[in-house]
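This report concerns only the one structure given below.
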Amino acid sequence: MIDDSRPIFLQIAELIENDIVDGALAEESQVPSTNEFAAFYRINPATAAKGVNRLVDDGILYKKRGIGMFVAAGARSRLVAQRRDDFFREYVQPMTREARKLGISTAQLTEMLHRTESTSDMTEGSVSR
Amino acid sequence: MNRVVNVARMQLINKWTFLGIPAIIMVSAFLITLAIWAMIPASGETFYSGASQAVMWYFMALGIQSLTLTFPFSQAMSVSRRTFYIGTVGLFATVALAISVLYYLLGLVEVATNGWGFNGQLYALDWIATEHAVVQILFYFIAMVALFMIGFWFATIYKRWQATGMLVTWIAIAVVLIGLLGLTSWQGWWPVVGQWFVAQTPLSVSGWVALFCAVLAGGSYLTLRRATP
Amino acid sequence: MNNPTTPAAIELRQVTKTYRDATALDNVSLRLEGNRIYGLLGRNGAGKTTLMSVLTGQGFQTSGEALVFGQHPYENDGVLSRICFIRESQRYPEDFSAQRAFKSASLFFKHWDQAFADQLVEEFQLPLKRRIKKLSRGQLSAVGVIIGLASRAEITFFDEPYLGLDAVARQIFYDRLVEDFAAHPRTIILSSHLIDEVANLLEHVVLIDRGRIILDDDAEAIRGTAVTVAGNASAVQSFAAGREVLHRESLGSLASWTVEGRMTNAERAEAAELGLELAPVSLQQLVVRKTMAATDAVLDTDSELEVLK
């Protein structure tokens, strides 16, 4: 769950984002409090708060005074769009660059993609919709 | 001030230490003394007993324990050394005063009952029983405080400098005493010293011991101020 | 920034403590803000307990200044009453049971929570009436942990609180610490050498070695600042070129180096291309590496001095 590779607050923010993207946390539903996150993941409450506040700053979550933290309307589609951008930058671009190096044409690449889809029974992932 | 009172309350959490055990010592010393007197055939002479001292020696042991174990704990309770000192010595003084008054009252009973029916002297010792009530109480009180302070200071010295500190202290005391004895002999002061001792009254003895206590109290406080738990 | 109107919870200015033949604290300056959980990390004998003793007025510095809430703690009841420090080797009165120790604590700590203490007694399965000197090492630690937690003091020091506690009891301690800190924010200073267990609880880390502070930073800033690179020795060497190397290990043609610095995606890609594996370095490993690097540095200077002689 939590590892040592990166700051914990980033990991907490990502865990919440994942829950929003895969629908575990619906829009307008209440998010656990930072203290609940801290207790659950056994992390420093200030660190948990930093992760949650990052999402508040990004407009993914919003605060209701005296009640708690909620998922903003439209948060899921924004996260999905953002992740599609990331996907393009982190996977597609390097892949096509490598393909060029190996002399694979766009048509061949597309054909390969079709082939993987038919051979490995891919489940509906969070990025393919 | 509140914390000083709390130090006394902390010392009293175990009622036995400051109240129960002294009470047991006093009662049992009294009963054992009476039993002994009852067994000895009456010869018309006065019986003397030092059993009333027993509780005073217990207070010396208590002084040692207060410092070696209760002091480190008081530090964990975030109590300053000064507060610990005032609270502990204050509690002790209160208990000592109560016992002193009790000794005085027991002395009155002793005289009234012809030495508990045995012509014995346990509390109303010849030398002081004729003095004023205040002087009698003061005498007992000062004696008890002196013993507690001796225990307390020696424990403080041990705490700070361990066995070496004790050794040095004892050697120093011995050297001073031997020096004084030597000086007295050399100067031929013994008659004067003898007269001085004979001339002492319970009140003047109390005064001297009180002076001694003040030195001990000051010394133990200064030592405690630099003690670590 | 030194703001005179709001003094730091804790401040040390050039504090040195020397014993007859050893330097326990060597010119330590440190400033800790309130309401955080700090990890005071270091090897046994590094100076952790001495540091806490000076801050609580239980011990004395040889020189320098220690301030708590902007005041000297020594013989200062006003400041002391806001602090709780139970030593790892805490001594209790001869006739004391845990119950009596808690009764005392309730007299002196104004935020003492008896219900919380009762709950902890239950969870640690601590015998209340047994004399403290007859308790096991773990139970003795539990007494200190319970006083520390239930006192809710504004600054609470935990001095190696887990000694003798089993894994379950340690987890109970960490869980209750996080929960109670969340509900009642205060300054917690946790001295420990079991770093992996507490790493995620800490907001800030102070690493002390041979009486010197060798690391003083937010835990989040430290996390991910070093990486272990493993693979072919020459590839590792070229990848590590120009970086601070904290540790080197090798086995035949294979090498595993710990290097400082956060990896960018480009660097990760570069490592992958060289056929190298990158592994995160835990806070504990980082602390061990840093301490060992500092020790090496000290040894180097020492040997240089030897040469000069």
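Reminder, nothing fancy here: chain letters follow the sequence lines and each chain counts from 1.
- Within residues 149-180 of chain C, the residues having any heavy atom closer than 4.5 Å to a heavy atom of chain A are C:Q171, C:D175, C:V178, C:E179, listed by residue number.
- A donor-acceptor distance shorter than 3.5 angstrom exists from the side chain of C:Q284 to the backbone of C:I195, with no hydrogens or angles considered.
- Options C:A182, C:P280, C:A226, C:G224 differ in how many heavy-atom pairs under 4.5 Å they form with chain A, and the most are formed by C:A182.
- Within a 6.0 Å sphere centred on CZ of C:R43, other residues, nucleotides and ligands contribute 12 heavy atoms or fewer.
- Between C:K290 and C:E260 a salt bridge is recorded (basic side-chain N to carboxylate O distance below 4.0 Å).
- If you check the side chains of C:H204 and C:D216, you find a donor sitting under 3.5 Å from an acceptor.
- Between the side chains of A:E14 and A:N18, no donor N or O sits under 3.5 Å from an acceptor N or O.
- Nearest approach of C:A294 to C:I214, heavy atoms of both residues: CB-CD1, 3.9 Å.
- With respect to A:D57 and A:R54, no salt bridge is recorded, no charged nitrogen being found less than 4.0 Å from a carboxylate O.
- A distance-only check finds a donor-acceptor pair linking the side chain of A:R76 to the backbone of A:V21 [under 3.5 Å].
- Only the backbone of C:V281 comes within less than 4.5 Å of a heavy atom in chain A; its side chain stays farther off.
- For C:M292, the CE atom is loosely surrounded, since the number of other residues' heavy atoms within 6.0 Å does not exceed 12.
- Only the side chain of A:I2 comes within contact range of chain C, with at least one heavy atom under 4.5 Å from a heavy atom of that chain.
- The number of heavy-atom neighbours closer than 6.0 Å to CD of A:E28, taken from other residues, nucleotides and ligands shown, is above 12.
- Closest of all the heavy-atom pairs between C:A199 and C:R223 is O-NH2, 3.2 Å.
- Heavy atoms closer than 4.5 Å to chain A are found nowhere in C:R36, neither backbone nor side chain.
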Before giving the answer on side-chain hydrogen bond (donor to acceptor under 3.5 Å, both in side chains), spell out for C:Y38 and C:E33 the whole-Å C-alpha distance, their side-chain angles and the decisive distance to 0.1 Å. CA-CA 10 Å; C:Y38 291 92; C:E33 300 300 331; over 6 Å; no

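- Within residues 33-43 of chain A, the residues approaching chain C closer than 4.5 Å by heavy atoms are, in numerical order, A:N35, A:A38, A:A39, A:R42, A:I43.
- The contact between C:L201 and chain A is made by backbone and side chain atoms together, counting heavy-atom distances below 4.5 Å.
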